[in-house]
K.L.:
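What follows is a structure written as structure tokens; I'll ask about it next.
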Amino acid sequence: MAALGASAPQGLRGVAAGPRQERAGAGGLALLGAAPGAPSCPHGPALLFAKMNQGEEEGRRFYACSACRDRKDCNFFQWEDEKVSETRLAAREEYNRNHQPAFTHRQNVERYENFLLLPLSKRKFCQECQQLLLPDEWEKHYGHQVLCDISTAQLKSPSQLLYPLENKKTNAQYLFADRSCQFLLDLIIALGFRRVLSVGTPRLHEMIQSKASQEEDFSVRSLLLDIDFRYSQFYTEDEFCHYNMFNHYFFGGEAAHETCRQFFHQDKGERVIMVTDPPFGGLVEALAFSFKKLMAMWRQTKKEGHNNQEMPMFWIFPYFFESRILEFFPSFSMMDYQVDYDNHALYKHGKTGRRQSPVRIFTNITPSMIVLPVEEGYRFCTICQRYVSSGNQHCEICNSCTSKDGRRWKHCALCNKCVKPSWFHCNNCNCCALQEHACERTEAGCFVCGKAGHKRSTCPSLSVTKTACQTDKKKRQKTPKKVKMGICKRSAMKHAIFSRKRMKNKKKKCSLPY
Ligand code: SAH
Ligand code: ZN
Ligand code: ZN
Ligand code: ZN
Ligand code: ZN
């Protein structure tokens, strides 16, 4: 293995050498990124991480799967300095081969063509194997749950036919509600784009494909890049590439790479936009690395003189990742539009009224161009020059519409910024927080005795002040319930399995996704 000198790891060097690694505390993990010559698992080249041990500056480096947060999905692991024997290398190659899909994309396209020739009564789809069946295969799927009479309309909506892989940490498939999907497409068209690179947005791709086949004057085209290979049963090689967005890996090799390049090339004044909706638990820096690679591919297809342009992009992600995304893409801004999902218990437009989805659009397009639906309560702030949520009030002091979550935020003069409506200024912590928060900063003084150097939980005067201790306990019993609920809510959605507080901790010491 090449030593990680000046040339490695690519793209994420700033991250590896920068403050993130410093922040990775004892026992924590830091992502170093894609390294040249990295070993591969079935999901393409593994990513390089560093495991920090107490008292160590550098940490021990190892490779792990880029795509799977769950070891059950892929348990690839190798120390960077580990000697891997020839036998083990051969076994690994064999394993990787065996863990590729049963059919190639080409085979799947041919199968689809044959499937289309079948009369309705012979069109079957195995729900267990998530596969279109040809008549000579029916026997093999005997006893499986099989859907019959698959119509052409069903074939045009694979995202409805296929089971969303939502429980799998690896895929975290959460499909756009029709309203949000339609909004995105209308917006894309209104902005003048005619080609959409759909990265992990199968439903948007499907909406475009299906309109293109039904409406004559519909001129938008889409290319889907996704790790979910089941889609290769429904789309040709020009419409779908099997792609891993955590390591920018095209499973179809150079041919698939070329398909993507061609898609950018065919841009004869038909402008391209990339739309992506990655799993929320994914590592922002790994995603940013891949998206920059895609942007570079796009740039290479541009004529000279346009070199400093950026490919227009919508990155759909929860609002609490704003600062992380802006770290990598300073030209981006966050829109107030709340993206809703279909198979999402908590963040969809329910009968009882709107549930507040935390998912937003991050874009490098000028905010004033992103027109949000007035009938859903969005309005234009002339000072901020962007559309904002109905509850988002322009703060005179901050001189900005400051709400991130759609609720009206309030200005704290002591913090000198706007904060959530449920927060109060804590003199102990010297910042705003929930009323029932535990004061964490020991230097600010103990909550019980006011002295510096310890927290209330370890306050030496606690054994004396029994009553203080008891009320304290009561308070503490209350808090975990709320915290748990927070975790629960988020775990229901995509990968976001950490409460925000835990997420902050993660950021500090652990960026490995499992
Ligand atoms: N809201 C979107 C779907 C987003 S769910 C829509 O309705 O179109 C996240 C998507 O990312 C899924 O399609 C999933 O298969 C894909 N995905 C998950 N991990 C991926 C990876 N490592 N590389 C590429 N795509 C991935
Ligand atoms: Zn893997
Ligand atoms: Zn404003
Ligand atoms: Zn303010
Ligand atoms: Zn405050």
Side-chain angles (χ1 to χ4, degrees), residues 39-47 63-77 92 95-96 99 157-160 162 164-166 168-178 180-181 184-185 196 198-208 222 224-231 240-251 275-283 286-287 290-291 294 314 316-317 336 339-344 347 357 359 367 379-389 392-396 398-403 418 493-495 513-514:
S40 286
C41 71
H43 306 94
L47 293 180
Y63 292 101
C65 176
S66 59
C68 303
R69 293 155 41 75
D70 197 332
R71 289 218 163 207
K72 275 184 262 150
D73 290 334
C74 181
N75 63 2
F76 184 87
F77 181 92
R92 184 184 284 166
Y95 177 89
N96 289 351
H99 281 75
S157 315
S159 78
Q160 316 254 4
L162 298 167
L165 303 170
E166 59 188 289
K168 290 242 180 177
K169 281 186 178 180
T170 307
N171 284 71
Q173 242 159 13
Y174 288 93
L175 300 167
F176 294 133
D178 204 50
S180 283
C181 201
L184 283 171
L185 182 52
V196 181
S198 299
V199 183
T201 54
R203 187 154 273 183
L204 178 64
H205 176 72
E206 174 178 311
M207 186 176 261
I208 295 170
S222 170
L224 175 64
L225 308 187
D226 202 290
I227 204 164
D228 187 352
F229 193 67
R230 297 175 306 168
Y231 282 100
F240 169 75
C241 296
H242 192 201
Y243 174 77
N244 182 349
M245 62 167 113
F246 290 112
N247 57 1
H248 184 61
Y249 180 68
F250 286 88
F251 292 81
V275 182
T276 185
D277 186 12
F280 300 156
L283 297 164
L287 292 169
S290 299
F291 299 162
L294 288 170
F314 287 162
I316 296 162
F317 227 48
D336 268 19
V339 179
D340 287 322
Y341 294 86
D342 249 3
N343 54 335
H344 197 289
Y347 304 117
S357 162
V359 186
R379 63 179 175 84
F380 190 72
C381 174
T382 48
I383 308 167
C384 295
Q385 282 292 304
R386 68 176 182 104
Y387 280 82
V388 294
S389 293
N392 196 354
Q393 292 275 328
H394 190 87
C395 169
E396 301 287 339
C398 297
N399 195 28
S400 145
C401 287
T402 44
S403 169
C418 282
M493 115 199 184
K494 286 212 170 174
H495 274 166
Y514 43 76

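Counting starts at 1 for both ligands and their atoms, in listed order. Bear in mind the structure is a predicted one, so any value in this text is a computation, not a measurement.
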K.L.:
Using 2.8 Å as a strict upper limit, say whether an N, O or S atom of C395 approaches the Zn ion (ligand 3) that closely.
P.N.:
no
K.L.:
Taking atom CG of L162 and atom OH of Y231, what is their separation to the nearest 0.5 Å?
P.N.:
5.5 Å
K.L.:
Do any N or O atoms from the side chain of N247 and from the backbone of H43 form a donor-acceptor pair under 3.5 angstrom?
P.N.:
yes
K.L.:
Is Q173 reaching over with its side chain to a backbone N or O of L165, donor-acceptor style, under 3.5 angstrom?
P.N.:
yes
K.L.:
Under 3.5 Å, is there a donor-acceptor pair between the side chain of S222 and the main chain of H205?
P.N.:
no
K.L.:
Round to 10° and report the angle made at the Zn ion (ligand 2) by SG of C74 and SG of C41.
P.N.:
110°
K.L.:
For the side chain of R386 and the backbone of C401, is there at least one donor-acceptor N/O pair under 3.5 Å apart?
P.N.:
yes
K.L.:
Any atoms of ligand 1 less than 4.0 Å from a non-hydrogen atom of N244? List them with their elements.
P.N.:
21 (C), 22 (N), 23 (N)
K.L.:
Can you tell me the angle formed at the Zn ion (ligand 3) by ND1 of H394 and SG of C381, to 10°?
P.N.:
100°
K.L.:
Can you sort out which atoms of ligand 1 are near D228, meaning under 4.0 Å from one of its heavy atoms?
P.N.:
15 (O)
K.L.:
Counting from 1, what ligand 1 atoms have a heavy atom of Y243 closer than 4.0 Å?
P.N.:
23 (N), 24 (C)
K.L.:
Which atoms of ligand 1 have any heavy atom of L204 under 4.0 Å away?
P.N.:
8 (O)
K.L.:
Check each of P164, S180, G200, A286 against atom 11 (O) of ligand 1 and report the one with the nearest heavy atom.
P.N.:
G200
K.L.:
Say whether, by atom type as modelled, one donor and one acceptor occur between the side chain of N392 and the main chain of S403 under 3.5 angstrom.
P.N.:
yes
K.L.:
Below a 4.0 angstrom heavy-atom separation, can you tell me which part of Y341, side chain or backbone, both or neither, approaches ligand 1?
P.N.:
side chain
K.L.:
Taking the six-membered ring for Trp, is the centroid-to-centroid distance between F250 and H248 below 6.0 Å?
P.N.:
yes
K.L.:
At a non-hydrogen distance cut-off of under 4.0 Å, which region of Y174 contacts ligand 1 (side chain, backbone, both, or neither)?
P.N.:
backbone
K.L.:
Enumerate the atoms of ligand 1 whose separation from the nearest heavy atom of F246 is less than 4.0 angstrom.
P.N.:
22 (N)
K.L.:
Does a side chain donor of either S66 or N244 reach within less than 3.5 Å of an acceptor in the other side chain?
P.N.:
yes
K.L.:
Is A67 in polar range of ligand 1, meaning some N or O pair under 3.5 Å apart?
P.N.:
no
K.L.:
Please tell me whether D228 and H242 have a donor and an acceptor in their side chains that are separated by less than 3.5 angstrom.
P.N.:
no
K.L.:
Does an N or O anywhere in L225 fall below 3.5 Å from an N or O of ligand 1?
P.N.:
no
K.L.:
Restricting to N, O or S, what is the name of the atom of H43 that lies nearest the Zn ion (ligand 2)?
P.N.:
ND1
K.L.:
Can any side-chain N or O of S357 pair as donor or acceptor with the backbone N or O of V339 at less than 3.5 Å?
P.N.:
yes
K.L.:
So, regarding M245 and ligand 1 (criterion: nitrogen or oxygen to nitrogen or oxygen, under 3.5 Å), is there a contact or not?
P.N.:
yes
K.L.:
Please identify which atoms of ligand 1 are closer than 4.0 Å to at least one heavy atom of I227.
P.N.:
17 (N), 18 (C), 19 (N), 20 (C), 21 (C), 22 (N), 23 (N), 24 (C), 25 (N), 26 (C)
K.L.:
Relative to atom 15 (O) of ligand 1, which among V199, D226, T201 owns the nearest non-hydrogen atom?
P.N.:
D226
K.L.:
Confirm or rule out an N/O/S atom of C68, from backbone or side chain, lying less than 2.8 Å from the Zn ion (ligand 2).
P.N.:
no
K.L.:
Counting N and O atoms only, with roles assigned by atom type, does the side chain of R203 sit under 3.5 Å from a partner on the main chain of L175, one being a donor and the other an acceptor?
P.N.:
no
